[in-house]
Q: 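The structure that follows is given in the form of C-alpha cells.
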Amino acid sequence: RMASSQKDRKRRDPDDESEQPAKHVKQEPGVKTEPGVKEELAPASSSSKSNAAVSDVDIKEEEEAPLVEHIADMSHSCPYLDTINRSVLDFDFEKLCSVSMSNQNVYACLVCGKYFQGRGKGTHAYTHSLQAFHHVYLNLSTLKVYCLPDNYEVIDSSLDDIKYVLKPAYSKKDVTQFGLSKKQSRALDGSLYLPGVMGLNNIKANDYVNVVVQSLLRVVPLRDFFLDERNYAGNTDPLVVSFGELVRKVCNPKAFKSHVSPHEFLQAITTASQRQFKLIAQSDPVELIQWLLNALHARLKKGKTSIISQSFQGHMTVIERKLPPTPDMAELAGITVDPNDPQYKEVAKESPFMFLTLDLPPTPLFQDANKHNIIAQVPLFELLNKFDGQTEKEYKTYKDIWMKRFQLNELPDYLIVCIRRFTKNTFFVEKNPTIVNFPVQNIDMHDYLKPKDDAAAEAIKGKSFQYDLVANIVHDGLPGAGKGTYRCHILHHGTDQWYEMQDLHVTETLPQMITLTESYIQIWERQKSVKQEQS
C-alpha cells in the first residue's frame with residue numbers, strides 16, 4: 001500500500017518530470033483534429049518552454065502587423081491637421097521646453113505654439129497631448145512632424161510653409177534676385193510687408209541692436225553671405241548661427257508675421273560679449289558695431305580674410321609726433337628738454353580700419369538774437385578733412401600730448417562713418433546736437449585718398465571713388481543710457497525707396513528729411529565703376 005501511494009505522489013508532483021505522463025490537451029467541441037496529426041502535448045522541458053515563448057512572440061507580431069499598416073496610412077492622412085493654428089506659431093524665441101527649460105529634443109505644439117521636450121511616454125509633449133488634446137508637434141531640429149500620443153510621423157505637403165518659417169532656405173538664384181525684387185508679401189493678418197524691410201521687436205531696451213542689424217542688412221555682400229547657409233556650413237558658433245537665422249527671417253517672403261523678434265541673437269550677443277551688451281540695458285551702437293564686426297570676422301575668417309574684412313576694411317597711414325613739454329612744465333619737473341630728441345620726431349605707421357570717426361566742432365555757448373539756442377551746422381566734407389593727410393589733431397594721454405595726421409591709402413566697398421556726438425567726463429555725458437549737412441548720393445572721396453606706392457595705385461585703378469548713402473542711424477533725446485532712443489533710415493535697392501525704422505514701426509520717408517536729423521552712424525556704398533556695370 002505504501003509503494004502504490006509513493007507512485008501516485010510521483011504522478012501528482014509537477015516538479016518531477018522524469019516519470020510524468022504526457023497530458024492531453026482537451027479538444028474544444030466542434031473542432032476536429034486533422035488526420036495524421038497528433039494531439040498537442042504539454043511542455044515537458046526548458047527547451048519546449050522556449051519554443052512556446054517564441055511562438056507567442058510570433059503570434060503577437062502577427063497581431064500587430066495590421067497596426068503598422070494602419071500607422072503608415074495615418075502618416076499621409078492625419079485627422080488632426082485642421083487643428084493647427086498658424087497665427088500662434090512663433091519660432092523667434094529660444095528653443096527651450098516650457099516646462100523643463102531644456103534645449104534637448106524640443107518639439108513645438110502646432111496647436112498652441114508652446115515648446116515641449118520629447119515625444120515618448122511620460123515626456124512633457126506626450127503629457128500635453130493627453131491633457132490638452134493637442135496632437136500635432138514639430139521637431140525644431142529635424143523639422144519632422146509627429147502626431148501624439150499615437151507617435152507616428154505626419155507626412156503632408158501642407159506643412160511645408162510652417163517648416164519654411166522655422167528655417168528659411170534660399171537658393172543661389174533666390175539670393176541673386178533678392179535685392180532686385182519689388183514684390184511685397186502678405187502676412188497672416190493681412191498686412192503687407194517688404195522682405196528685408198521688416199520691423200524688429202524691442203524686448204526691453206535693445207533698440208541700439210535693432211538699428212545696427214537693420215543697417216548691416218543694407219550691405220549686399222554681407223546679407224547675401226548669410227542668406228545662403230552653405231557659405232558657413234559647419235560653423236556652430238552661436239553668434240554666427242543666430243545672426244544668420246535673423247538675416248534669413250528678416251528677408252523671408254513667406255513669413256506669418258510682418259515683424260521679427262531678435263531674441264536668440266540678443267542671447268548670443270550677451271553670452272559672447274560676456275554681458276557687455278544686454279537686452280535689458282541700452283548701450284552705444286558705435287561700441288556694438290565695432291565689437292560685432294570684429295567678433296564675426298574672428299569667427300568667419302579663413303586665413304586672414306573674411307566677408308567682414310572684404311566689405312568694410314580699409315587702410316590708412318597715421319603720422320604722429322610727440323610734443324615736448326613746455327618750458328614751465330619742464331622746469332616744474334626738473335628736466336631738460338632736447339627738441340632734437342628722436343622721441344619727438346614724426347613716425348608713420350600703417351593701420352587697417354573698419355570705420356572712420358569724425359569729430360564735431362564745439363557747440364555754441366551763446367544764444368541768438370531771439371534768445372533761442374543756436375543749432376550749429378557743419379558740412380560733412382569739413383569733417384572729412386581730418387583724413388586729408390595735412391590736418392593735424394591733438395590727442396592727450398594722462399602724461400603726453402600727441403599730434404596726429406591721417407592719410408587714407410585704400411577705401412573699402414562699404415564705408416562706415418561714426419560721428420562723435422557724446423563726450424564723457426567725470427560727472428555726466430554731454431551730447432553735441434550739431435547738424436551735419438551731407439548729400440545722399442555722389443560723395444567724392446578721391447581727394448582724401450593717396451595710395452602708398454605704385455602697386456597700390458595700380459590696384460585701385462578703374463575703381464569708383466563715389467559713394468552713396470544706404471543707412472543712417474540717428475539718436476533722439478537726452479544723452480545717457482536709457483534717456484534717448486535710436487532709429488535708422490535705410491534704402492531699399494529694389495524700389496529705390498527710403499524707409500524710417502524704429503523697432504516695429506516702418507514708414508516711408510523722403511531723402512531730404514534724412515539730412516535734418518542728428519546722424520550718429522552712416523554706411524556708404526561705393527558706386528560701381530563702368531567696367532563693373534558692363535560685367
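For the numbers below, each heavy atom of this structure counts, side chains included, while hydrogens, waters and symmetry mates do not.
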Q: Between D160 and S157, does any side-chain donor sit less than 3.5 Å from a side-chain acceptor?
A: no
Q: Is K349 salt-bridged to E320, cutoff N-O under 4.0 Å?
A: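 Salt bridge present between K349 and E320.
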Q: Between the side chains of Q377 and N437, does any donor sit under 3.5 Å from an acceptor?
A: yes
Q: For the CE atom on M403, are there more than 12 heavy atoms of other groups (residues, nucleotides or ligands in this structure) within a distance under 6.0 Å?
A: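 Yes, because the 6.0 Å sphere around CE of M403 holds more than 12 heavy atoms from other groups.
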Q: Counting heavy atoms not belonging to E394, are there more than 12 under 6.0 Å from its CD?
A: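 Count over threshold, so yes.
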Q: Run the salt-bridge test on E245 and K167 with the 4.0 Å N-O cut-off and return the result as yes or no.
A: no
Q: If the threshold is 4.0 Å, N to carboxylate O, is there a salt bridge linking K254 and D161?
A: no
Q: Parallel under 30°, tilted from 30 to 60°, perpendicular over 60°: which one fits the rings of F116 and Y137?
A: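 Geometry flag for Y137 against F116: perpendicular rings.
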Q: Could you list the residues that satisfy salt bridge (charged side-chain N to carboxylate O under 4.0 Å, His left out) with K345, not counting sequence neighbours?
A: none
Q: Are side-chain N/O atoms of S311 and D413 paired as donor and acceptor at under 3.5 Å?
A: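 D413 and S311 do not have a side-chain donor-acceptor pair below 3.5 Å.
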Q: Using the ring pair (Phe, Tyr, Trp, His ring centres under 6.0 Å) criterion, which residues pair with F256? Sequence neighbours excluded.
A: none
Q: How are the rings of Y232 and F226 set to each other: parallel, tilted or perpendicular (split at 30° and 60°)?
A: tilted
Q: Hey, does the side chain of N206 reach the backbone of V209 with a donor-acceptor pair shorter than 3.5 angstrom?
A: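 No: the side chain of N206 does not pair with the backbone of V209.
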Q: Sort and list the pairs that fulfil ring pair (Phe, Tyr, Trp, His ring centres under 6.0 Å) and have at least one residue in residues 459-491, not counting sequence neighbours.
A: F422-H475, H446-F465, H475-Y486
Q: Sequence neighbours left out, what passes side chain to side chain contact (heavy atoms under 4.5 Å, CB included) with K172? Give chain and number order.
A: D228, R230
Q: Between D90 and K257, is there a side-chain N and carboxylate O pair less than 4.0 Å apart?
A: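 Salt bridge present between D90 and K257.
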Q: Side chains of H493 and E525: donor-acceptor distance under 3.5 Å anywhere?
A: yes
Q: Can you spot which of R421, K431, K483, R487 makes a salt bridge (Lys or Arg N to Asp or Glu O under 4.0 Å) with D476?
A: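 Result for salt bridge (Lys or Arg N to Asp or Glu O under 4.0 Å) with D476: R487.
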Q: Under a 3.5 Å cutoff, is there a donor and acceptor pairing between the side chains of E500 and W498?
A: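 No donor-acceptor contact under 3.5 Å links the two side chains.
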Q: Are Q282 and D207 linked by a side-chain donor-acceptor pair shorter than 3.5 Å?
A: yes
Q: Restricting to salt bridge (charged side-chain N to carboxylate O under 4.0 Å, His left out), what partner residues turn up for D400, sequence neighbours left out?
A: K322
Q: Quick one: do the S519 and N472 side chains pair a donor with an acceptor below 3.5 Å?
A: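 Their side chains do contain a donor-acceptor pair, which is all the 3.5 Å distance test asks for.
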Q: Between S242 and E264, do the side chains contain an N or O donor and an N or O acceptor separated by less than 3.5 Å?
A: no
Q: Give the intermediate values and the outcome of salt bridge (Lys or Arg N to Asp or Glu O under 4.0 Å) for residues K424 and E430.
A: CA-CA 6 Å; K424 298 180 181 179; E430 292 181 308; over 6 Å; no
Q: Using distance alone, with no hydrogens and no angle criterion, decide if R119 and Y107 have a side-chain donor and acceptor under 3.5 Å apart.
A: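 Yes, a side-chain donor-acceptor pair sits under 3.5 Å.
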Q: Check the pair W291, F277 against ring-ring contact (aromatic ring centres under 6.0 Å, His included), reporting the backbone distance first and the verdict last.
A: CA-CA 10 Å; W291 175 86; F277 304 103; 5.7 Å; yes
Q: Assess whether atom CZ of R420 is packed by more than 12 heavy atoms of other residues, nucleotides or ligands within 6.0 Å.
A: no
Q: What class does the angle between the rings of F178 and Y170 fall in, given that below 30° is parallel, 30 to 60° is tilted and above 60° is perpendicular?
A: perpendicular
Q: Sequence neighbours left out, what passes side chain to side chain contact (heavy atoms under 4.5 Å, CB included) with Q313? Give chain and number order.
A: S309, H315, P352, M354
Q: Do N442 and Q527 meet the criterion of a side-chain donor-acceptor pair at a distance under 3.5 Å?
A: yes
